[in-house]
Number of protein chains: 2
Amino acid sequence: MNISNTLQVNRPAVQPIPQPSLKRLPQYHHYLVDMETKGITRISCSAIGRDLGLVPVQVRKDLQYTGIIGKPKTGYSVSELIQAIEKFLGWNNVNEAFLVGVGNLGTALLGHERFSKFGLRIVAAFDTDPAKIGQWIHQKAVLPLDKLADLAPRMNILLGIITTPAEAAQAVADEMVKGCIQAIWNFAPVKLKVPEHIIVHNEDLYSTLASLSWKLARRLGVTVQEKQEKEAV
Amino acid sequence: MNISNTLQVNRPAVQPIPQPSLKRLPQYHHYLVDMETKGITRISCSAIGRDLGLVPVQVRKDLQYTGIIGKPKTGYSVSELIQAIEKFLGWNNVNEAFLVGVGNLGTALLGHERFSKFGLRIVAAFDTDPAKIGQWIHQKAVLPLDKLADLAPRMNILLGIITTPAEAAQAVADEMVKGCIQAIWNFAPVKLKVPEHIIVHNEDLYSTLASLSWKLARRLGVTVQEKQEKEAV
DNA sequence: TGGTTATCGGTATGAATATATCGAATACGT
DNA sequence: ACGTATTCGATATATTCATACCGATAACCA
Ligand SMILES: NC(=O)c1ccc[n+]([C@@H]2O[C@H](COP(=O)([O-])OP(=O)(O)OC[C@H]3O[C@@H](n4cnc5c(N)ncnc54)[C@H](O)[C@@H]3O)[C@@H](O)[C@H]2O)c1
Ligand SMILES: NC(=O)c1ccc[n+]([C@@H]2O[C@H](COP(=O)([O-])OP(=O)(O)OC[C@H]3O[C@@H](n4cnc5c(N)ncnc54)[C@H](O)[C@@H]3O)[C@@H](O)[C@H]2O)c1
């Protein structure tokens with residue numbers, strides 16, 4: 001893994017898309033697919049912005065990162081734009097993933113067929129609970145966790161999803177690292193300690209909950225509220 | 001609703017905590033509770049920052065919004081800090097909520113007992129599927145959606161959770177608004193059109209997925225990557 | 001055909017957020 | 001008891017992100 005690190009350092013500077021823009025791209029994508037099914041073939045930033053609650057300039061800037069080029073007066077081709085976003089996000093070629101922790105949340109994710117449209121296929125699940133191991137949940141086998149580090153490299157799995165209780169998450173992450181997994185989608189509310197080259201994204205539902213309850217606790221003035229509604233992820 | 005709006009406008013400016021800080025508070029909370037169970041009674045921003053991957057200054061600034069005051073050389077009292085965060089976020093008094101859409105994700109949320117520690121109690125679920133209505137899932141009744149607008153005001157429910165397919169989300173939101181629900185936690189990947197005074201927060205799992213797959217698609221140079229790991233929510 | 005209008009793309013400005021710096025306070029060791 | 005190291009809290013700077021602006025271009029209409 002030192003090798004790959006070194007290689008990466010020497011690469012030319014990567015196109016730096018702002019994190020917020022990156023996170024808005026899927027929203028555009030959803031919206032555009034919806035428009036396409038409605039038979040709309042061309043669309044402008046103003047229209048997108050109106051429907052998604054964003055100012056047109058921001059939409060335009062975000063979309064520019066995908067490399068799409070629009071035409072004055074008519075905007076963008078909807079299908080081209082969808083393609084551009086999918087290509088940019090790497091949603092054309094599927095990432096296969098392992099999921100660890102077949103509880104409430106893990107089961108829900110396993111059952112979400114639609115992920116395959118967004119470049120994600122969960123191919124197997126892992127747990128430590130003997131009652132769960134050996135079961136098939138949503139057509140995926142539940143395997144013992146200690147098989148993960150061995151299987152991942154052989155199946156060339158690069159992505160791991162953690163839906164275990166917080167206490168177990170670090171140990172699971174360690175196993176994933178051992179299995180040469182490159183990126184981790186972590187639903188447990190803990191900061192994982194992993195080597196630098198591993199990509200970790202936390203999905204912290206409690207963050208959103210905090211925002212909501214804070215705002216609900218002190219009902220905000222509308223001016224402030226409006227601003228923060230726009231910021232809502 | 002005009003009345004409440006007007007009242008809100010006249011209120012003094014609300015203490016403006018940055019959205020990013022607000023979202024970090026639950027992370028501190030988790031960490032601190034963990035520390036407390038380990039018997040640690042005092043803690044410094046440097047220690048928190050080290051364990052959570054943040055620079056000490058940022059931790060200090062975030063915590064200051066809660067009104068906590070620390071002592072030089074020793075830092076903060078862990079228990080006081082936990083209290084301060086909980087009070088600040090309104091996690092002391094419970095918000096009761098309705099959940100709509102008892103599918104994969106809805107069921108997972110219904111089963112998450114731990115939410116009650118974070119000021120959230122889901123008291124009932126709603127759906128339109130006759131097969132689901134009348135069931136009890138995780139000790140919560142599944143009721144027909146058309147009862148929602150009537151029940152919410154009578155039970156004084158202010159928070160709604162949407163876990164339906166995207167196509168149904170807007171209609172559900174409309175029902176919630178009809179039932180005078182004040183805040184919506186939306187898991188469907190659509191922008192909801194609601195009156196201005198309603199607080200909406202979207203939990204867009206696809207956003208995170210986009211980040212992950214983008215980074216995975218072009219394995220980044222480490223320097224860039226390091227920065228973005230810190231930004232990972 | 002020429003004017004009008006909507007829209008894109010690039011650049012400039014502004015706001016929000018993150019980080020650095022510095023003095024004051026407090027515990028700790030000598 | 002006194003110097004030293006650590007940390008807080010406040011202020012200042014830097015960076016990132018959002019928004020405003022402007023010229024150029026293409027469709028549309030008279
Ligand atoms: N369910 C939700 O709605 C929800 C909401 C917010 C956050 N979360 C977070 O998601 C995570 C999972 O939540 P959940 O409700 O699904 O929990 P859960 O208890 O229902 O499921 C946890 C699963 O992980 C398995 N597990 C435990 N230790 C393990 C280990 N060392 N290795 C492998 N598997 C192990 C358990 O056997 C179980 O199947 C938690 O960290 C929780 O904080 C869940
Ligand atoms: N499950 C996941 O892992 C996951 C991941 C990302 C996003 N999401 C999003 O969360 C939402 C729910 O996903 P899911 O997998 O739980 O879907 P699901 O199909 O399993 O469940 C949807 C539920 O909503 C109910 N429903 C449909 N129309 C309704 C209406 N008009 N009123 C009330 N209830 C209605 C259905 O009967 C069903 O019970 C979707 O918008 C999806 O995009 C889910």
Side-chain angles (χ1 to χ4, degrees), chain A residues 13-25 27-28 40-78 80-81 84 207 211 223-233, chain B residues 13-25 27-28 40-78 80-81 84 207 211 223-233:
Chain A
V14 73
Q15 188 192 24
I17 180 176
Q19 192 79 2
S21 297
L22 186 51
K23 293 214 161 191
R24 278 189 294 270
L25 287 180
Q27 301 176 36
Y28 300 130
I40 294 172
T41 57
R42 298 198 66 85
I43 198 157
S44 72
C45 290
S46 336
I48 299 176
R50 173 175 30 79
D51 292 343
L52 258 39
L54 300 165
V55 294
V57 196
Q58 181 157 68
V59 177
R60 199 173 304 126
K61 258 194 69 185
D62 287 342
L63 297 181
Q64 277 174 356
Y65 289 109
T66 68
I68 188 84
I69 52 172
K71 261 205 281 187
K73 185 80 180 184
T74 58
Y76 306 90
S77 150
V78 173
E80 274 179 28
L81 197 39
S207 284
S211 268
T223 50
V224 177
Q225 186 185 325
E226 279 170 355
K227 294 196 60 177
Q228 294 188 328
E229 255 162 26
K230 286 200 296 185
E231 290 164 8
V233 192
Chain B
V14 75
Q15 189 193 23
I17 179 175
Q19 193 77 3
S21 297
L22 185 52
K23 294 214 162 190
R24 278 189 294 268
L25 286 181
Q27 300 176 38
Y28 299 130
I40 294 172
T41 57
R42 299 197 65 85
I43 198 157
S44 72
C45 290
S46 337
I48 300 177
R50 172 176 30 79
D51 292 343
L52 257 40
L54 300 164
V55 294
V57 197
Q58 181 156 70
V59 178
R60 199 173 302 125
K61 260 195 68 184
D62 288 341
L63 297 182
Q64 278 176 353
Y65 290 110
T66 67
I68 189 83
I69 51 172
K71 263 206 282 188
K73 185 79 182 181
T74 59
Y76 307 90
S77 150
V78 173
E80 275 180 28
L81 197 38
S207 285
S211 270
T223 50
V224 177
Q225 186 183 324
E226 278 171 354
K227 293 196 60 175
Q228 294 190 329
E229 255 161 28
K230 286 200 297 184
E231 290 163 10
V233 193

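All values below were derived from every heavy atom in this structure, side-chain atoms included, with hydrogens, water molecules and symmetry-related copies excluded.
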Could you state the [atom1]-[atom2] distance from [X] to [N], rounded to the nearest angstrom?
X       : N      : atom1 : atom2 : value
B:Leu25 : C:dT17 : CG    : C1'   : 15 Å
B:Asp62 : C:dA16 : CG    : P     : 17 Å
A:Arg42 : D:dC28 : CZ    : P     : 10 Å
A:Gln19 : D:dC17 : CD    : C1'   : 12 Å
B:Ile17 : C:dA16 : CD1   : C1'   : 14 Å
B:Ile48 : D:dC8  : CD1   : C1'   : 12 Å
A:Tyr65 : D:dC17 : OH    : C1'   : 9 Å

Tell me, with the steps shown, if A:Thr66 and A:Tyr28 meet side chain to side chain contact (heavy atoms under 4.5 Å, CB included).
-> CA-CA 12 Å; A:Thr66 68; A:Tyr28 300 130; over 6 Å; no
Nearest heavy-atom pair of [X] and [Y]: which atoms, and what distance?
X       : Y       : result
B:Cys45 : B:Pro56 : CB-O, 3.7 Å
B:Tyr65 : B:Pro16 : CE2-O, 4.1 Å
A:Val78 : A:Ile40 : CG2-O, 3.6 Å

Between the first and last five pairs of the helix from C:dT1-D:dA30 to C:dT30-D:dA1, the angle of the axes, rounded to 10 degrees =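 Roughly 10° between the end axes, to the nearest 10°.
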Can you list, pair by pair, the side-chain donor-acceptor contacts under 3.5 Å of residues 68-76 of chain B, counting residues two or more places apart and other chains?
{"unit_1": "B:Thr74", "atom_1": "OG1", "unit_2": "B:Arg42", "atom_2": "NE", "d": "3.3"}
{"unit_1": "B:Thr74", "atom_1": "OG1", "unit_2": "B:Arg42", "atom_2": "NH2", "d": "3.3"}

Listed once per pair and sorted, the salt bridge (charged side-chain N to carboxylate O under 4.0 Å, His left out) pairs that draw on residues 45-65 of chain A, sequence neighbours left out |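 Listed by first then second residue: A:Arg24-A:Asp62.
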Which residues pass the side-chain hydrogen bond (donor to acceptor under 3.5 Å, both in side chains) test with B:Ser44, sequence neighbours left out?
->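 Listed in chain order: nothing, the list is empty.
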Find the distance between CD1 (B:Ile43) and CD1 (B:Ile48) and round it off to the nearest 0.5 Å.
->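 Going from CD1 on B:Ile43 over to CD1 on B:Ile48, the span is 5.0 Å.
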Distance in Å, A:Thr41 OG1 paired with A:Glu80 CD, rounded so as to fall on 0.5 Å steps |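 The OG1 atom of A:Thr41 sits 11.0 Å away from the CD atom of A:Glu80.
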In 5'-to-3' order, the base (B), backbone-only (S) or no-contact (-) status of each nucleotide in nucleotides 6-14 of chain C, using a 4.0 angstrom heavy-atom cut-off, is BBBB-----
Report which part of the nucleic acid B:Arg24 touches: base, sugar-phosphate, or nothing (heavy-atom distance under 4.0 Å, all strands).
->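 Since only primed, P, OP1 and OP2 atoms lie under 4.0 Å of B:Arg24, the category is sugar-phosphate.
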